[in-house]
Student: 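Here it is: the structure, laid out below.
Keep in mind that what you see is a predicted model, and the values were worked out from it rather than measured.
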There are 2 protein chains.
Amino acid sequence: MMTTAQRRVSGLLRGNGLKVTRGRAEVLNLFLDAGRPLAQRQIMEMLRLKLDRASVYRILNAFVEAGIIHMAYVDVRHRVYELPDKCGGQKCHPHFSCRGCGKTTCLEDFRVYFKGALAKGFVAERQKVLIEGLCPDCRR
Amino acid sequence: MMTTAQRRVSGLLRGNGLKVTRGRAEVLNLFLDAGRPLAQRQIMEMLRLKLDRASVYRILNAFVEAGIIHMAYVDVRHRVYELPDKCGGQKCHPHFSCRGCGKTTCLEDFRVYFKGALAKGFVAERQKVLIEGLCPDCRR
DNA sequence: TCATAGATGCGACATTGTTGCAATTTTGGA
DNA sequence: TCCAAAATTGCAACAATGTCGCATCTATGA
């Protein structure tokens with residue numbers, strides 16, 4: 001018997017041309033449950049060695065290619081992936097990263113306009129905006 | 001006999017509490033000549049193996065700590081360092097990175113205001129803004 | 001149920017960045 | 001100018017992240 005969540009996961013995968021495998025289902029479930037961007041490392045820890053490191057990377061790359069998730073922000077050795085439900089097209093919303101706990105959250109209602117910022121001849125394709133600081137929990 | 005440039009480099013180093021060594025002088029010279037942000041890898045290539053990888057990292061870290069350069073933008077395995085002459089305080093200006101040639105340039109007259117973007121309790125300390133695209137040379 | 005295309009696990013490798021340690025260099029003082 | 005102490009460098013080793021090849025296993029459609 002399949003639960004609603006399982007059906008949803010299968011549908012998302014199949015609908016994007018991906019086979020439904022245990023690994024993909026588990027990783028996708030994490031994203032659906034998390035509600036915030038996840039790094040590969042966090043995914044590994046949540047899965048507790050149930051999946052190989054290389055496989056997780058391949059799954060993430062497959063998801064990105066299929067458009068199921070976005071590679072949201074990139075830091076030194078710290079890529080973050082998330083569901084695109086809060087994004088509009090190519091230009092992802094900015095993120096906030098806490099230097100205390102390392103968690104990343106989305107700044108959905110905030111957009112950066114850079115029209116006129118570029119010199120002649122430059123073509124902008126993508127923007128990455130990250131604000132670093134402290135979240136309420138790590139603040140005191 | 002010391003040239004004006006050599007005197008300038010020595011002064012900058014000594015004035016920031018750093019001993020004047022061959023490696024530091026060469027790296028600092030690169031920054032003074034470059035006029036744009038440099039990555040560790042570019043520095044290595046410009047020096048042509050005259051300095052050890054670990055030493056370059058230590059020099060860069062020492063410069064950052066001394067305030068001679070800023071760590072300007074951070075990408076997957078690609079930190080970029082630059083002189084702080086175009087920066088105002090903690091908040092560095094945004095950068096443009098060309099996906100063709102990999103060169104990074106500064107968007108000096110462009111500033112991002114994110115007041116009101118953060119939820120209650122969040123404290124912003126630093127912002128990183130990167131616009132990716134094509135520079136005029138890589139465009140056609 | 002079976003064949004096969006594709007996914008996984010494992011091992012190897014590349015890159016980036018850090019650290020410990022011995023050897024060398026810088027610097028201030030005699 | 002020379003010396004001693006302190007700091008810097010080169011080298012080797014290591015950690016983390018990400019990719020790739022290959023053999024094995026699994027999901028899927030017929």
Student: Say whether, by atom type as modelled, one donor and one acceptor occur between the side chain of B/D52 and the main chain of B/A54 under 3.5 angstrom.
Tutor: yes
Student: Rounding to an integer number of Å, can you tell me how far A/N16 CG sits from C/dG6 P?
Tutor: 16 Å
Student: Under 3.5 Å, is there an N or O donor on one side and an acceptor on the other linking the side chain of B/R58 and the base of D/dG10?
Tutor: yes
Student: Using the rule side chain to side chain contact (heavy atoms under 4.5 Å, CB included), only one of B/L60, B/L12, B/V9, B/I68 pairs with B/F31; which is it?
Tutor: B/L60
Student: Separation of A/K50 atom NZ from C/dG9 atom P, in whole Å?
Tutor: 12 Å
Student: Does B/T21 place a side-chain N or O at less than 4.0 Å from the phosphate oxygens OP1/OP2 of C/dT26?
Tutor: no
Student: Taking only N and O in the side chain of A/R14, is any of them less than 4.0 Å away from OP1 or OP2 of D/dT28?
Tutor: yes
Student: How many angstroms lie between atom CD1 of B/I59 and atom CD1 of B/I69, to the nearest 0.5 angstrom?
Tutor: 10.0 Å
Student: Grab the CG-C1' distance between A/D52 and D/dC22 for me, whole Å please.
Tutor: 13 Å
Student: What's the CG-P distance between B/L47 and D/dG10, to the nearest Å?
Tutor: 10 Å
Student: How close or far is atom P of C/dT25 from atom CG of B/L51, stated in whole angstroms?
Tutor: 13 Å
Student: Map B/I59 and A/L18 onto DNA chain D by nearest heavy atom, then report which one ends up closer to the 5' terminus.
Tutor: B/I59
Student: Please report the interatomic distance CZ(B/R22) to NZ(B/K50), rounded to the nearest 0.5 Å.
Tutor: 7.5 Å
Student: Let me confirm one number: the CG-CZ distance from B/L28 to B/R8, rounded to the nearest 0.5 Å.
Tutor: 8.0 Å
Student: Whole angstroms only, please: what is the CZ-C1' distance between B/F63 and D/dT9?
Tutor: 14 Å
Student: A/Q40 has an atom CD; how far is it from atom P of D/dA16, in whole Å?
Tutor: 12 Å
Student: Can you tell me if A/Y57 touches the phosphate of D/dG18, counting only side-chain N or O atoms and a distance under 4.0 Å to OP1 or OP2?
Tutor: yes
Student: Nearest to the side chain of B/K19, which nucleotide is it out of C/dG9, C/dT27, D/dT19?
Tutor: C/dT27
Student: So, does the side chain of B/R53 form a donor-acceptor pair with the base of D/dG10 at under 3.5 Å?
Tutor: no
Student: Within the 4.0 Å heavy-atom criterion, would you say A/R24 contacts the bases, only the backbone, or no part of the nucleic acid?
Tutor: sugar-phosphate
Student: Tell me the interatomic distance from A/E65, atom CD, to C/dG6, atom P, rounded to whole angstroms.
Tutor: 13 Å
Student: Any base atoms under 4.0 Å from B/R22, or only sugar-phosphate, or nothing? Heavy atoms, all strands.
Tutor: sugar-phosphate
Student: Of the nucleotides D/dT9, D/dT28, C/dG17, which one has an atom closest to the side chain of A/V20?
Tutor: D/dT28
Student: Just checking B/A54: base, sugar-phosphate only, or nothing, at a heavy-atom cut-off of under 4.0 Å?
Tutor: base
